[in-house]
There are 2 protein chains.
Amino acid sequence: MATLKDVARLAGVSVKTVSNVVNGYSFVKPDNRRRVEEALAATGYRPNLGARNLRRGRTGFIALVLPELSIPYFAELAGLVIAAAQEHEWNVLIEQTFGTLAGERSALEALGPHLVDAAIVSPEAVSDFQLEVPAVLLGEHEVDVPISRVGIDNVLAASTAVRHLISLGRRRIAAIGAHPQRGTAALRLEGYRAALEVEGLEFDPSLVVPALNYHRADGAAAMNSLLDMKNPPDAVFCFNDLLAVGAMRAAAERFVRVPQDLAVVGFDNNEESAYSSPSLTSIAPDKGAIARAAVDLLHRRVGVEEAGVENVQTPFSLQVRESTAP
Amino acid sequence: MATLKDVARLAGVSVKTVSNVVNGYSFVKPDNRRRVEEALAATGYRPNLGARNLRRGRTGFIALVLPELSIPYFAELAGLVIAAAQEHEWNVLIEQTFGTLAGERSALEALGPHLVDAAIVSPEAVSDFQLEVPAVLLGEHEVDVPISRVGIDNVLAASTAVRHLISLGRRRIAAIGAHPQRGTAALRLEGYRAALEVEGLEFDPSLVVPALNYHRADGAAAMNSLLDMKNPPDAVFCFNDLLAVGAMRAAAERFVRVPQDLAVVGFDNNEESAYSSPSLTSIAPDKGAIARAAVDLLHRRVGVEEAGVENVQTPFSLQVRESTAP
DNA sequence: CTGAAAGCGCTAACAA
DNA sequence: TTGTTAGCGCTTTCAG
C-alpha cells in the first residue's frame, strides 16, 4: 500500500504538495501537479482513512442504531440512510438492539467520538442515555434527554387511518399494538381515540389489544383474541404492517373475510404490503425523507458547539388498498 | 475525551503501564494496576479505535457488499452477519450495489485495507475485480477470480424443490427467474432440469420464464405470461421468494387458486413467506450458518499470507407450507 | 515489571 | 508555492 511519502518521493516533491493535490487544495504549480498525478496513478495511491480521520479528529462513520434488520421497516430505512450518508462521505455502521433495554444500552455505550461522528437512534426501551456525539432520534419513544427528532405526526397519521375506516361505515374498530412503554404506541393510540371522538363513536377499551412486540406473530395472536370476543370488531387498525399481516393471516385461518367482514389498516407501508392477498392499506411515511432529514441534520450539527434541539416533521400519506375496499 | 496520557498522569505511571492494563497484558504490579484502574474509572477512559487500529494496521471493520437492504433475504442475512461479526469485535459496514455493474464496481473499489479488514461480497454482475483484503463470496455468481465461497448446494436445493412438486402429482412445472448472467440462476435452472429428468418428465423450454430482477413485480409479470399460455402450468418453481410472492399475487388476481390450480415453491424462506395467504413453501437456507461461516472464514484468513480458496457448503431444508398442500 | 521514545499515515502550522 | 515538522492517540520495541 503506497503512502503519501512514497508518492512524494516518486514525484520528487514533498508530502505537503502531494497532500495538496490529493485534497484539491490551493494552487500547485502545474508542472508539480502533473508529476504528482502521475506518481499517484503509478502507485495506485489511496489515502488511509484511519490516519486522515485521526488527524482530522473525525471518523467518517455515523451509527444507525435500530432494533433489527429483519424488520422490513428498518431494513428499508437503513438502505435509505446508507444512500443519504454517502452524499456526505459517511459510511454507516449498523447496530442492532433487538428492542431490549440491555441491547440499546450496550449499543449506545459502544458509540463514542472516536468510533462515529454522529448517530441516528431508533430506541424502544431506553429512557436516559448520553451520547458524546450529535444524535437524532427516529420515532416518538420518550426519553429524558433533550434531543432532536425526525418523524411523522403519529397522532395525525393514526387518526387519518381510523377515520378512513369510519368513512367506510365501520363502527367497531379495534386497535392492535398498545404498549405501556412505547411513546410511539401512545401517540398512535391517541390518534385512534381522537378519530373516534371526532366521528362521534364511543371508545371501547376492550377493543384495544396490547402487543409486546410488533412482529407478525403478535398481530396474529392479537387478532385471535379479538375474534374470540362475543362481539368482534368489523375493522382493525394495526400499529404497524407486520402486526397487520399477522392479523390478516389469523383472520384467513378462521375464514373471516378481509375486507368484507373485517377491514384492516397497517402502518409503515412495507414493500410487501402491496403484494399480500388482500393487499394492505397502510399509512406510508416518506422513508426517504426521514433518512435524508436525519442525515442532513447531523451533518449540520457535527463540529458545532451549540447543541439545540430540532424537530423535523416529514410527510406521510395513506395508501388505500384492498384490505379496506368499500 | 480522556487519552491514555491523561490516565497515566492521573495514576502517576507511564502510558505503557496503562496500555498494559487496558489490553490485559503481562504482569502489572498490583498496586499500579489498582491505581490505573481507578484513574481509568475516574476519567471514563475509552480507547480511540482509530488510533489503535492505525497502529495495529487493522481497521476493526468488515464490509458487507450486497444488492439492497430492502430485499428481505439480504436484510435478514445482514442482521445475522452483524451478530456474527460482533463475536470477533468487528463492526460491519454495509455497501449497497443495487445489483448493477457500476454499483458493484464502485462499492468494491471503495474497499481497501485501510477501510476494512475483510469483505463479504454478494455479487450479481461483476465478473472480474481485485480486492486487497481477504474476501468471501456469497452465492454462486461466476467470477474470474479464485475466491472462497459460502453457500448452499443450489443444484440440489432446486431439484429438491422441483421433485417436491412432482411428488404432489404436478406435471407441467414452470420455472421463474432464469437469467443469462447470473450463476445462481443457472444452477437453479440446472437443478430444475435435473429433477425433471430424474422423474422422467420432459423439459419444456416455454415453461422457463426469465426475470431481469428478482423483485415481486418481476414475479407477477412472469406469472401473467405463464397464465396467458394456452396450456398453463400446474406448478411453478420460483428462484426466490419475492418472485413467488409476486407470482401468487398475479394468480390471485386472475382467480387461479393456489395450491389447487397451481402449486408454488419459492427459494430463500423469507420471514414473510410463513404469513402470506396461502403461506409459501420454500427452500430454506440456514442463513445463520451462512453468516457465521463467512465471518469465521474471514477471521481465519485475515493477517495470513497464503490466500487459498475454500468452499463452505451450508445446510438447507425444504419448508413445506400451504402453497404446495396436496 | 515499567519508562522513554519511535512511529503508524496523514494534515496543518509555520517557514522559506 | 512548497518544504519541514509537529503531533492526532495508540502500541511496541528497547532499555532499565
Side-chain angles (χ1 to χ4, degrees), chain A residues 1-40 43-61 89 112-117 132-133 302-303, chain B residues 1-40 43-61 89 112-117 132-133 302-303:
Chain A
M1 208 67 225
T3 72
L4 265 195
K5 209 196 277 183
D6 298 330
V7 179
R9 193 179 317 116
L10 185 60
V13 298
S14 79
V15 274
K16 180 67 199 327
T17 305
V18 181
S19 175
N20 282 343
V21 172
V22 169
N23 293 292
Y25 279 170
S26 63
F27 298 74
V28 177
K29 208 192 290 180
D31 189 46
N32 276 342
R33 176 180 297 278
R34 195 184 40 72
R35 291 166 55 200
V36 169
E37 274 163 357
E38 279 171 18
L40 246 21
T43 55
Y45 172 80
R46 298 248 303 286
N48 179 321
L49 279 327
R52 170 180 289 176
N53 293 330
L54 174 60
R55 183 61 238 227
R56 286 192 178 157
R58 69 186 299 260
T59 69
F61 293 98
E89 302 195 296
H114 31 258
L115 184 61
V116 294
D117 297 327
E132 301 164 67
V133 294
V302 87
Chain B
M1 209 67 225
T3 73
L4 262 196
K5 208 196 276 183
D6 299 330
V7 179
R9 196 181 313 117
L10 184 61
V13 299
S14 79
V15 271
K16 179 68 200 326
T17 306
V18 182
S19 175
N20 282 343
V21 172
V22 169
N23 293 293
Y25 278 171
S26 63
F27 298 75
V28 178
K29 210 193 287 179
D31 189 45
N32 277 344
R33 175 179 297 275
R34 197 184 39 72
R35 291 166 55 199
V36 168
E37 274 162 357
E38 279 171 18
L40 245 22
T43 54
Y45 171 80
R46 298 247 304 285
N48 179 319
L49 279 326
R52 171 179 290 175
N53 292 330
L54 172 60
R55 185 60 239 231
R56 286 193 179 156
R58 69 184 299 258
T59 70
F61 294 97
E89 302 194 296
H114 31 258
L115 184 61
V116 295
D117 297 328
E132 301 166 66
V133 295
V302 86

Visitor: Between D/dT1 atom C1' and A/Arg34 atom CZ, what is the distance in whole Å?
Guide: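 Spelled out: CZ on A/Arg34 to C1' on D/dT1 is 17 Å.
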Visitor: Applying side chain to side chain contact (heavy atoms under 4.5 Å, CB included), run through B/Val36 and B/Val28 and close with a yes or a no.
Guide: CA-CA 10 Å; B/Val36 168; B/Val28 178; 5.8 Å; no
Visitor: Angle, rounded to 10°, between the helical axes spanning five pairs at each terminus of the helix from C/dC1-D/dG16 to C/dA16-D/dT1?
Guide: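 The helix from C/dC1-D/dG16 to C/dA16-D/dT1 shows an end-to-end axis angle of 40°.
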Visitor: B/Leu54 has an atom CG; how far is it from atom P of D/dG9, in whole Å?
Guide: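 One finds 12 Å between P of D/dG9 and CG of B/Leu54, rounded.
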Visitor: Would you tell me if any nitrogen or oxygen in the side chain of A/Arg52 comes within less than 4.0 Å of OP1 or OP2 on C/dT11?
Guide: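 The answer is yes; a side-chain N or O of A/Arg52 sits under 4.0 Å from OP1 or OP2.
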Visitor: Show your reasoning for whether side chain to side chain contact (heavy atoms under 4.5 Å, CB included) applies to B/Arg52 and B/Val22.
Guide: CA-CA 12 Å; B/Arg52 171 179 290 175; B/Val22 169; 3.8 Å; yes
Visitor: Look at the side-chain N and O atoms of A/Thr17 and state whether any lies under 4.0 Å from the OP1 or OP2 oxygen of D/dG3.
Guide: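 Looking at the OP1 and OP2 atoms of D/dG3, one of them is under 4.0 Å from a side-chain N or O of A/Thr17.
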Visitor: Residues in salt bridge (Lys or Arg N to Asp or Glu O under 4.0 Å) with B/Arg58, at least two apart?
Guide: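 Applying salt bridge (Lys or Arg N to Asp or Glu O under 4.0 Å) to B/Arg58 gives B/Asp117.
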Visitor: State whether A/Asn53 places a side-chain N or O below 4.0 Å from either non-bridging phosphate oxygen (OP1 or OP2) of C/dC10.
Guide: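 Checking A/Asn53 against C/dC10: no side-chain N or O falls below 4.0 Å of OP1 or OP2.
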Visitor: Quickly work out the A/Leu4 CG to C/dC8 P distance and round it to whole Å.
Guide: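 Between P of C/dC8 and CG of A/Leu4: 13 Å.
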Visitor: Quick one: ring pair (Phe, Tyr, Trp, His ring centres under 6.0 Å) partners of A/Tyr45, sequence neighbours excluded?
Guide: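 Not a single residue meets the ring pair (Phe, Tyr, Trp, His ring centres under 6.0 Å) criterion with A/Tyr45.
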Visitor: Starting from P on D/dG9, measure out to OH on B/Tyr45 and report it in whole angstrom.
Guide: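 Rounding to the nearest Å, OH of B/Tyr45 and P of D/dG9 are 10 Å apart.
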Visitor: NZ of A/Lys5 versus P of D/dT5: gap in Å, rounded?
Guide: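 Atom NZ in A/Lys5 sits about 12 Å away from atom P in D/dT5.
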Visitor: OG of B/Ser14 to CG of B/Asn32: how many Å apart, nearest 0.5 Å?
Guide: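 That separation rounds to 8.5 Å.
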Visitor: Examine D/dT2: is either OP1 or OP2 under 4.0 Å from a nitrogen or oxygen in the side chain of A/Asn32? Give yes or no.
Guide: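 Yes.
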Visitor: Whole angstroms only, please: what is the CZ-P distance between B/Arg58 and C/dG9?
Guide: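 Rounded to the whole Å, the gap is 16 Å.
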Visitor: For B/Arg55, which residues count as a side chain to side chain donor-acceptor pair (under 3.5 Å) partner, sequence neighbours excluded?
Guide: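 Scan of B/Arg55 (side chain to side chain donor-acceptor pair (under 3.5 Å), adjacent residues dropped) gives none.
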Visitor: For residues 4-12 of chain B, tabulate all N or O donor-acceptor pairs below 3.5 Å that involve a side-chain atom, not counting sequence neighbours.
Guide:
from: B/Asp6; atom 1: OD2; to: B/Thr3; atom 2: N; distance (Å): 2.9
from: B/Asp6; atom 1: OD2; to: B/Thr3; atom 2: OG1; distance (Å): 3.4

Visitor: Using atom CG of B/Leu49 as one end and atom C1' of C/dC8 as the other, report the distance to the nearest whole Å.
Guide: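 Atom CG in B/Leu49 sits about 15 Å away from atom C1' in C/dC8.
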Visitor: Hey, which sits more toward the 5' end of DNA chain C by its nearest nucleotide, A/Val22 or B/Lys29?
Guide: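 With B/Lys29 and A/Val22 compared, the 5'-side residue is B/Lys29.
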Visitor: May I have the distance from B/Leu115 (atom CG) to C/dC10 (atom P), rounded to whole angstrom?
Guide: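 Distance check: B/Leu115 CG to C/dC10 P gives 14 Å.
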Visitor: Step by step, work out the side chain to side chain contact (heavy atoms under 4.5 Å, CB included) result for A/Leu40 and A/Val18.
Guide: CA-CA 9 Å; A/Leu40 246 21; A/Val18 181; 4.2 Å; yes
Visitor: Could you list the protein-to-nucleotides 12-16 of chain D atom pairs, N/O on both sides, closer than 3.5 Å?
Guide:
from: D/dT12; atom 1: OP2; to: B/Tyr25; atom 2: OH; distance (Å): 3.2

Visitor: Could you give me the CA-CA distance, side-chain angles and deciding distance for B/Thr59 and B/Leu115, then say whether side chain to side chain contact (heavy atoms under 4.5 Å, CB included) is met?
Guide: CA-CA 6 Å; B/Thr59 70; B/Leu115 184 61; 5.6 Å; no
Visitor: On the nucleotide D/dG3, are OP1 or OP2 found under 4.0 Å from the side-chain N or O atoms that A/Ser14 carries?
Guide: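 So the side-chain polar atoms of A/Ser14 do come within 4.0 Å of the phosphate oxygens OP1 or OP2 of D/dG3, strictly under.
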